[in-house]
Amino acid sequence: MSDDTEHAVLTLVALERSQGDPEQFRRWMRRGIRRWFWTLPPGIGMGTLKAGLRLTFGCTHSGAQSAGNGPAMRAPIIAAWTHGRTPDTLEALIKVSTEVTHLDPRAYWGSLVLARLTRQLMEGTCDQEGLVHGVEDRECRDIVTRAFENTALSPQELCWLLGYRAGVSGFIYHTMAVVLAAVVGSDGSFQEAVVDTIRCGGDSDSTAALVGGILGAAYGPERIPADWVSGLRDWPLNSRTLQDLAQGDVEEPSFAACLARNLVVGPALMACAMRRLLPPY
């Protein structure tokens, strides 16, 4: 499980406990991110790191001036949970989710586009104008336009077209472009879309998690390859606990268990990363 999965879980818990009330949702999100931060997750962006520190010391305004990918991780689960509710509810909850960790307006616009894309696909549509309706940032609108104009390209080809030579960065608009290309051009193929996204490189745990989350919400778990699910090995989160969460069992995973898991996994990941810096490259 990556930090993206953990963010989806803590967001779902906050949604269920707040029942969609924005201020209650803010309170539960602040609690959830602070709690998650102190489990020492091995993957954490700078914006979310700063927010976790501020939440620890009780700062009222915890968000950092960042347009990183953190809020995007939480967009598909919010869109799925608010399916059938008004668009205003979706927008309000995306705004709260974003502001808890990221204050740059681009973080909100990028998260909102991805949440709207999830909702549209769940409703069987895909409307470019609807994705950017009311979006005030021109750069965001331009990236959405370019992604839709090049749906015949693979995500890797779009990366080259947009100049992302070193893979997808942690900037939310770069992530948004590649996720749009993968999802809109996928024809519903879960495995192909996720694998093509990973091949773009860069922040591939976030981009692939977003593609998987959006397509999973749109088409259901039956599209996920069975061997991917059966091969999942993690603790305390696993395929069974995720299914329980989806069915309304919103018990949080044990803090002690999450901390113990990360104390083991973190050094292993660091060792793997350091090994890849050494020859043979």
Side-chain angles (χ1 to χ4, degrees), residues 1-9 42-43 45 68-70 72-77 79-80 110-111 113-115 117-118 120-122 126 131 143-144 146-234 237-239 242-243 246 265 268-269 272-273 275-276 281:
M1 300 288 182
S2 75
D3 56 319
D4 305 82
T5 307
E6 293 167 347
H7 269 254
V9 169
N69 282 332
M73 302 178 190
R74 308 186 282 267
I77 195 71
S111 299
V113 167
L114 293 173
L117 176 63
T118 308
Q120 285 186 4
L121 292 176
M122 292 180 74
C126 190
L131 293 180
I143 288 176
V144 172
R146 293 194 71 180
F148 271 84
E149 287 176 348
N150 295 281
T151 53
L153 299 180
S154 69
Q156 303 99 298
E157 291 169 331
L158 182 66
C159 278
W160 280 93
L161 177 67
L162 296 177
Y164 309 159
R165 297 291 190 266
V168 188
S169 73
F171 177 40
I172 197 167
Y173 282 178
H174 293 179
T175 293
M176 180 183 71
V178 171
V179 171
L180 280 170
V183 170
V184 176
S186 69
D187 294 325
S189 173
F190 187 98
Q191 180 169 345
E192 180 180 345
V194 171
V195 171
D196 284 349
T197 303
I198 292 170
R199 286 175 176 157
C200 291
D203 192 10
S204 56
D205 66 321
S206 295
T207 53
L210 283 165
V211 170
I214 293 169
L215 292 178
Y219 302 114
E222 59 274 7
R223 295 287 182 97
I224 304 173
D227 59 325
W228 287 14
V229 177
S230 63
L232 181 61
R233 297 288 183 270
D234 208 341
L237 290 176
N238 52 49
S239 57
L242 293 179
Q243 288 170 353
V265 172
L269 290 176
C272 180
R275 175 63 189 88
R276 294 185 64 179
Y281 300 108

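Keep in mind that this is a model prediction, so the values were computed, not measured.
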Asks: Please list, chain by chain and in numerical order, all residues satisfying side chain to side chain donor-acceptor pair (under 3.5 Å) with Glu6, sequence neighbours excluded.
Replies: Trp36

Asks: Measure the CD1-OG distance between Ile172 and Ser206 for me, rounded to the nearest 0.5 Å.
Replies: 10.0 Å

Asks: If you measure from CD1 on Ile198 to OG1 on Thr207, what distance do you get to the nearest 0.5 Å?
Replies: 7.5 Å

Asks: Mind checking what makes side chain to side chain contact (heavy atoms under 4.5 Å, CB included) contact with Gln191, not counting sequence neighbours?
Replies: Val195, Pro225, Trp228

Asks: By the side chain to side chain donor-acceptor pair (under 3.5 Å) test, which pairs, at least two apart or in different chains, include something from residues 166-181?
Replies: Asn69-Thr175, Asp137-Tyr173, Ser169-His174

Asks: Cut-off 3.5 Å, no hydrogens considered: what does the side-chain donor-acceptor table look like for residues 211-223, sequence neighbours left out?
Replies:
| residue | atom | partner | partner atom | Å |
| --- | --- | --- | --- | --- |
| Arg223 | NH1 | Gly188 | O | 2.6 |

Asks: Give, for atom CG of Leu114 and atom CG of Leu180, the distance between the pair rounded to the nearest 0.5 Å.
Replies: 6.0 Å

Asks: Taking side-chain contact (heavy atoms from CB on, under 4.5 Å) as the criterion, tell me which of Thr197, Val183, Leu162 meets it with Val178.
Replies: Thr197

Asks: Which residues satisfy the side chain to side chain contact (heavy atoms under 4.5 Å, CB included) test with Arg275, sequence neighbours excluded?
Replies: Leu278, Pro280

Asks: Look up atom CZ in Arg74 and atom CG in Leu210, then write down how far apart they are to the nearest 0.5 Å.
Replies: 11.0 Å

Asks: Let me confirm one number: the CG-CD distance from Leu158 to Glu149, rounded to the nearest 0.5 Å.
Replies: 11.0 Å

Asks: Output all residues satisfying side chain to side chain contact (heavy atoms under 4.5 Å, CB included) with Ser239, sequence neighbours left out; order by chain, then residue number.
Replies: Val229, Leu232

Asks: List for me each residue that meets side chain to side chain donor-acceptor pair (under 3.5 Å) alongside Ser2, sequence neighbours excluded, and say none if there are none.
Replies: Asp4

Asks: By salt bridge (charged side-chain N to carboxylate O under 4.0 Å, His left out), which residues pair with Asp196, not counting sequence neighbours?
Replies: Arg199

Asks: Does Leu153 have any side chain to side chain contact (heavy atoms under 4.5 Å, CB included) partners at least two apart in sequence or in another chain, and if so, which?
Replies: Asn150, Glu157, Leu161

Asks: Can you find a side-chain donor-acceptor pair between Asp227 and Ser230 that sits under 3.5 Å?
Replies: no

